[in-house]
2 protein chains.
Amino acid sequence: MTHLMNRYLHSTRLLVAIDCIIFGFDGEEIKLLLIKRNFEPEKGKWSLMGGFVKEEEDLEAGAERILYELTGLDNIYVEHLQTYGKVNRDPVERTISVVFFALINIHAHDQESVRAHNAQWISLKNVPQLIFDHDRMVENALERLRYKAALHPIGFELLPEKFTIPQLQKLYEAIYDMRLDRRNFSRKILSTGLLIDTGEKNENSATKKAILYRLDKQKYESKFNAFWYFMPESS
Amino acid sequence: MTHLMNRYLHSTRLLVAIDCIIFGFDGEEIKLLLIKRNFEPEKGKWSLMGGFVKEEEDLEAGAERILYELTGLDNIYVEHLQTYGKVNRDPVERTISVVFFALINIHAHDQESVRAHNAQWISLKNVPQLIFDHDRMVENALERLRYKAALHPIGFELLPEKFTIPQLQKLYEAIYDMRLDRRNFSRKILSTGLLIDTGEKNENSATKKAILYRLDKQKYESKFNAFWYFMPESS
DNA sequence: CATTAAATGTGTCATTTCGACACAATAATA
DNA sequence: TATTATTGTGTCGAAATGACACATTTAATG
């Protein structure tokens, strides 16, 4: 038992943080939920929402706790991105950061809680410099989002329950920062069989009202872990 | 400063381990380099190669150290898989495990070092039960390998510098555990423009000698982070 | 009330890609 | 020289893709 103890006893314990990249979509742009820190360290600067792992808490649970604290939402899409552990990434003390990214319906969160945390939705194109290595985390998360959305039907997580094909197209155009052909996009999306016509139409339109669809949850679950092979047209 | 100290001081420090999933290919099967532990805890059982993060060591550096210790190789393909942090995953003490996976040329490693660590190459199909949550790590790594190899020209990392198209095909057949059509495979691979005909032929053949190709490093680098869209035929 | 403008739904067509399959070339062996 | 196993390359029809046209819906306009 002494031998066992030695291996463990002589090893370093580290602070373990959890940081969350929170994506939203307002109909035009992809946005991030960032906080202007009113606490140390780096008070006054922008950062991701985060916290430390608790003694008796799984990592995923920690991410969900932190997301709930800020947005009042649970049951949202959360995925482990990766872990950042450069020796000097946190100037106060060496800290490993386990990073998750979340996709939420931007209109569904708790406004009050967001205000209390001094948080704001900021367009991807206007993201300020962030503390520590949070910039790189955001970069990597965007790559992952693009990667994932090309292959899995993940985009729906950013939209309300009922949505139109033009809305979905705008979402993909925002994710990939490129224009897509309406007609080809529609064909591709409908060919997945994931969309169910609700019979309703989008009333908030000054011109032709688009059909409101909802996800076929069943097919969604079954297709989610399979490759999807959707990709924006190459040029 | 007291405020700052409180946030940090009252948080838990955790043991941080690094575990490595090491893939190899022997020409027929995908294999894992596993160790039969001659140390506690779980002495006598099989596990991944791992270790603890050192005080002044980046995570990636730690993975490379551990890989070098076992195989004598550096400059190999290593990618962060994900981090496992369930509260009770290690019965001795709560430990977070940052997991990497590596792809190596199975004939290039240091035999002596592998023997000294009581390690063995074990076919994916015969992997014994592993300690802790290492089974799930292996499962996830295989998923990642399949995912990645379908989209990026990653398979070459498992082959010697010069290789034939039939060898490459056998590799993909092993990764996806399915048979592929020779003629379609050849067409797809050659169409990527990544292969350069060395002019040499594989002399270890009792029949028609296959052309030896090597990677076009330049194109390889440029295509690596782009989607590749190679996938085995569906059925 | 007819016209216009903007947005949506659907269709066509040529090109490319993909899967299934056939045939010729190479090299050791009998 | 025939045989056998393996490798290289070609063909063909079906499906998917990108480029593009046209008709429909709706509010606003005169």
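Letters go in sequence order (proteins before strands), and every chain restarts at 1. Only a predicted model underlies this, so the values are computations on that prediction, with no experimental measurement involved.
- One can place CG of B:Asp181 at 11 Å from C1' of C:dA22, the figure rounded to the nearest angstrom.
- Using bins of under 30°, 30° to 60° and over 60° for the plane-to-plane angle, the ring pair A:Tyr172/A:Phe185 lands in the tilted bin.
- A sub-4.0 Å separation between OP1 or OP2 of D:dT24 and a side-chain N or O of A:Lys209 is absent.
- In this structure, the CZ atom of B:Arg183 is 11 Å from the P atom of C:dC23, given to the nearest Å.
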**Audit row: B:His109, B:Tyr68, ring pair (Phe, Tyr, Trp, His ring centres under 6.0 Å) steps and yes/no** = CA-CA 9 Å; B:His109 68 271; B:Tyr68 182 79; over 10 Å; no
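- No hydrogens or angles considered: nothing links the side chains of B:Thr198 and B:Arg214 as a donor-acceptor pair under 3.5 Å.
- The separation between A:Phe185 atom CZ and C:dG9 atom P is 12 Å, rounded to whole Å.
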**Request:** Decide yes or no on ring pair (Phe, Tyr, Trp, His ring centres under 6.0 Å) for B:His107 and B:Phe25, but give the supporting numbers first.
**Result:** CA-CA 9 Å; B:His107 301 298; B:Phe25 178 63; 9.3 Å; no
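- Atom pair B:Ile211:CD1 and D:dT6:C1' shows a separation of 13 Å (rounding to whole Å applied).
- Relative to the side chain of B:Arg187, the nucleotides D:dC12, C:dT12, C:dT10 differ in distance, and D:dC12 lies closest.
- Summary of the strand contacts: B:Arg182 and A:Ala206 both lie near DNA chain D, and taking for each the nucleotide with the nearest heavy atom, the more 5' one is attributed to B:Arg182.
- Using modelled atom types, one finds a donor on one side chain and an acceptor on the other under 3.5 Å when comparing B:Ser97 with B:Asp19.
- Between the P atom of C:dG9 and the NZ atom of A:Lys208 lies a distance of 6 Å, rounded to the nearest Å.
- Looking only at atom types and distance, the side chain of B:Tyr84 has a donor-acceptor partner in the side chain of B:Asn140 under 3.5 Å away.
- The minimum heavy-atom distance between A:Ile21 and A:Ala141, with the atom names listed, is CD1-CB, 3.6 Å.
- Using five terminal pairs a side, the axes of the helix from C:dC1-D:dG30 to C:dA30-D:dT1 at its two ends make an angle of 20°, given in steps of 10 degrees.
- Rounding to the nearest 0.5 Å gives a distance of 10.5 Å between CG of A:Leu158 and OH of A:Tyr77.
- Residues from residues 159-170 of chain A with heavy atoms under 4.0 angstrom of DNA chain D: there are none.
- When rounded to the nearest whole Å, the span between CG of B:Leu190 and C1' of D:dT7 equals 12 Å.
- B:Lys188 places its NZ atom 18 Å from the P atom of D:dT9, with the value rounded to the nearest Å.
- We find that CG of A:Asp197 is positioned 12 Å from C1' of C:dG9, with the value rounded to whole Å.
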